[in-house]
Amino acid sequence: MGGRHWLRGGDTVMAAALVMIVVQLVWKFGLVRRTYFRQDDFTFIARGLEHDLTWDYLMRVDYGHLVPGPFAIQWAMGRLGVYNDVLAHVVTISLLGAASLALLRLLRLLFGARPAILVPLAFYLLTPMTISSLSWWAVVIETLPFQIALPMALSSHVLYTRTGRFRHALAAAGWTVFAMAFFVKAPFILVLALALSVGWLGWRGQWRAWLLYAGVLAVYAGVFFRQLLTSVQLTNDTIQPSLPDAGLAARFAWTLLSSSLVPTSLGGPWRWLPIGEDYATAATPPTAVWAGLGVAVVVLAVSVFFRRRAWLAWLVLLAYFTLADVVPVMIGRIQQLGPDLSGAELRYVSSTATVVAIAIGLAFIPLAGEERPWLRAWPRLRFAWLPLTAAFALGSVWSVTAYTRLPLGAHVKSYVETGRLALKRVPDNAVVLDTHVPAKVVYPIFFYDYALASKVLGPIASHPVTWTRRLSGPIRNPLIFDQEGRLRPVSIDGLTIPARATGCTPVGAREVRFPLSARLPEGEWTVQVGYLNQAATRLSVRLGTAEADTPAEKGFGWTFAAVKGGGSELVIRTLNGPAACLGEIKIGIPRPWSDGTPSPLQPVNPS
């Protein structure tokens, strides 16, 4: 009898929901385990290694994001293996499971343990809206804690409205503060609580809770705007918030709605536009955009026709989308990325999947104990939603599968692991020219010095390495990283002044001019000078009006000088020292020597 009762009760629905969550985690782990750190992940980990866990470090606003929680996690990650992708994968799947359980709890509290709650839960578990975010560690640790806190805070608020116990209001405020430590959209949790109260739960006699919520928002706003206006960015300046052109803003909002939010709510985008090798934005076909908008209008119309206050559920979703998804990007990043690229970026709406699931529930499912939930009786064709659900599920699987065809983190991990092995094999204090890593790893145009090899690969060196931004002086066997993460000897790629056939060229205090085979334009050039000296001396190297001096040791060797200029001849003399005898001279840009033996011989295969 006990078993039959369990099978017939609400526990059956909860068991089915738990099975759905587990299946989702197994499915998405296939994606997550192939991901690796990307782009600003390296910047944040490097910055964490540079700082102590202080208020200034945690509370820096990074281009509109006040995220002390993620900064603390990145600080810890740098001390737990630096690029510990296995730990990152475990954290990602754990947070995703917690977010799914938190949403299930809210749905059960709002609507009861009825089979209908499996529909909005299935939407959250299947929608491709969240997929690209799961492949980016920095986005994971911002958005998933928020997706945990949002339904947990709303659940506590629901319990407060039903019981009047103030401890539930405190819990709602506590979950919101937790979310505020991770994501800039957190204040809108309390706005959603207000909408729930006004539309469905009732709000009279709850003044203590609203006073508490208002206080939380006021304190957060004060801290946020103070940090926003004083935090120094990578560009060494502070943020000056400004609104973009109205046409640009409208185009971005429309693109984000029509090409990102709506298609992914229906199982899209079906096609992806790769950004590098480890990420992609939505590339919804134009016909699918309009078809999706048409389906969305039908779904909204049907719900509004039958369900009381369904219009309010969709209005709340639209308001949240506008205020939480559109406005922050419009103020902070649209000028740099443009409306089309920004509008196809799903990470801007990934956390909205939770809100969409809640809106679906409110628009189609009566609340537990709700009186007169329907405006009119459903017709006999009320199960016509089943084909739409099936199409959504198939489209979601198709879209997610298409995303997983990307290389994801394989190539970036290969670069990092190859660099790790290369640094392990070099002698102590070997000199490595500090150049930017490939754009597939970190974009120099966005992250400046944090895209240097010393920032990305330096933290995983097993023993001391000497990094130099430019070659200067008599450096023996300088090395440089190639595009695959291997160390190679440095070669000066440019013009060569060969040594005399009869021997070296004597150079003393009087200038000796070396004509170049072609005129060099103005720029920063590296000069490599070979010599055979009887005594150590110092050389002055001039190109046009630019001059640099560099030591030259006794015996045979070479020295380097960095000059910033241009011209058709190189002028060299000694400075207050013995004469020198110069051999081959090269002037150009330091590059990995293609004929030099790389270390390791082959890139590391991350699999």
Handout entry: Tyr279: partners by side chain to side chain donor-acceptor pair (under 3.5 Å), with sequence neighbours left out
Key = Glu345
Exercise for the section: Would you give the length of the straight line joining atom CD of Glu553 to atom OG1 of Thr537, rounded to the nearest 0.5 angstrom? Expected result: 12.0 Å
Practice task
Without swapping roles, check the side chain of Ser260 against the backbone of Gly343 for a donor-acceptor pair under 3.5 Å.
Solution key: yes
Handout entry: CA sep, side-chain torsions, deciding dist, call: Val432, Leu487, side-chain contact (heavy atoms from CB on, under 4.5 Å)
Key = CA-CA 8 Å; Val432 179; Leu487 279 172; 4.0 Å; yes
Handout entry: Under 3.5 Å: donor-acceptor pair, side chain of Ser568, backbone of Arg519
Key = no
Handout entry: Of all pairs that satisfy disulfide bond (SG atoms under 2.5 Å apart), the ones with a partner from residues 498-597, not counting sequence neighbours
Key = Cys504-Cys581
Problem - Asp52 side-chain N/O to Thr54 backbone N/O, donor-acceptor pair under 3.5 Å - result: no
Handout entry: Minimal non-hydrogen separation, Gly473 against Thr559, with atom names
Key = C-OG1, 3.0 Å
Handout entry: Exam field: side chain His89 to backbone Val32, donor-acceptor pair closer than 3.5 Å
Key = yes
Practice task
Please report the shortest heavy-atom distance between Lys455 and Ala46, naming the atom on each side.
Solution key: O-CB, 3.8 Å
Exercise for the section: Taking atom types as modelled, find out whether Ser133 and Thr143 have a side-chain donor-acceptor pair closer than 3.5 angstrom. Expected result: no
Handout entry: Geometric class of the Phe42/Tyr36 ring pair [parallel <30°, tilted 30-60°, perpendicular >60°]
Key = tilted
Exercise for the section: Under the side-chain contact (heavy atoms from CB on, under 4.5 Å) rule, collect the residues that match up with Arg513, sequence neighbours excluded. Expected result: Glu511, Arg542, Glu569, Val571
Handout entry: Side-chain donor or acceptor of Arg420 paired with backbone N/O of Ile460 under 3.5 Å
Key = no
Practice task
Output all residues satisfying salt bridge (Lys or Arg N to Asp or Glu O under 4.0 Å) with Arg34, sequence neighbours left out; order by chain, then residue number.
Solution key: none
Exercise for the section: Tell me, please, which residues at least two apart from Pro407 pass side-chain contact (heavy atoms from CB on, under 4.5 Å). Expected result: Glu277, His411
Exercise for the section: State which residues pass salt bridge (Lys or Arg N to Asp or Glu O under 4.0 Å) with Arg226; sequence neighbours excluded, sorted by chain then number. Expected result: none
Fill in the blank from the handout: Here the pair of heavy atoms bringing Val326 nearest to Phe252 is O-CE2, 3.6 Å
Problem - Centroid-centroid distance, Phe178 to Phe182, less than 6.0 Å - result: yes
Practice task
Please name all residues satisfying salt bridge (Lys or Arg N to Asp or Glu O under 4.0 Å) with Arg38, sequence neighbours left out, ordered by chain then number.
Solution key: Asp278
Return all side-chain donor-acceptor pairs below 3.5 angstrom for residues 588-595, not counting sequence neighbours, or 'none' if the list is empty.
none

Practice task
Check whether any side-chain heavy atom of Val67 sits under 4.5 Å from a side-chain heavy atom of Gln74, and report yes or no.
Solution key: no
Problem - Carboxylate-amine/guanidinium contact Arg47 Glu50, below 4.0 Å - result: no
Handout entry: Residue pair Tyr415 / Val437: nearest heavy atoms and the distance that separates them
Key = OH-CG1, 3.5 Å
Exercise for the section: List the steps and the verdict of side-chain hydrogen bond (donor to acceptor under 3.5 Å, both in side chains) for Trp137 and Asp85. Expected result: CA-CA 9 Å; Trp137 170 244; Asp85 56 324; over 6 Å; no
Handout entry: Six-ring centre of Trp75, Arg79 cation under 6.0 angstrom, axis tolerance 45°
Key = yes
Handout entry: Donor-acceptor under 3.5 Å (Gln227 side chain, Met59 main chain)
Key = yes
Handout entry: Exercise: identify the closest heavy-atom pair between Pro603 and Ser414
Key = CB-OG, 4.0 Å
Problem - Donor-acceptor contact present, side-chain Thr574 to main-chain Leu539, <3.5 Å - result: no
Problem - Electrostatic pair Lys185-Asp325, nearest N-O below 4.0 angstrom - result: yes
Fill in the blank from the handout: side-chain contact (heavy atoms from CB on, under 4.5 Å) filter on Ser259, not counting sequence neighbours, yields Thr255, Val289
Handout entry: Nearest-0.5 Å distance that lies between atom OG1 in Thr526 and atom CD1 in Ile587
Key = 8.5 Å
Handout entry: CD-CG distance between Glu524 and Leu543, expressed to the nearest 0.5 angstrom
Key = 12.0 Å
Exercise for the section: Output all residues satisfying salt bridge (Lys or Arg N to Asp or Glu O under 4.0 Å) with Glu584, sequence neighbours left out; order by chain, then residue number. Expected result: none
Handout entry: Value rounded to 0.5 Å, distance of CG in Leu87 from CE in Met77
Key = 4.5 Å
Handout entry: Nearest-0.5 Å distance, OG1 of residue Thr550 to CZ of residue Arg538
Key = 6.5 Å
Exercise for the section: Kindly write out the residues that satisfy side chain to side chain donor-acceptor pair (under 3.5 Å) with Tyr531, not counting sequence neighbours, or none if the list is empty. Expected result: none
Exercise for the section: For residues 43-99, pull every pair meeting disulfide bond (SG atoms under 2.5 Å apart), keeping only residues two or more places apart or in separate chains. Expected result: none
Fill in the blank from the handout: Closest heavy-atom pair, Lys564 versus Ala546, reported as atoms and distance to 0.1 Å, is O-CB, 2.8 Å
Problem - Inter-residue atom distance Ile572.CD1 - Glu547.CD, 0.5 Å rounding - result: 11.0 Å
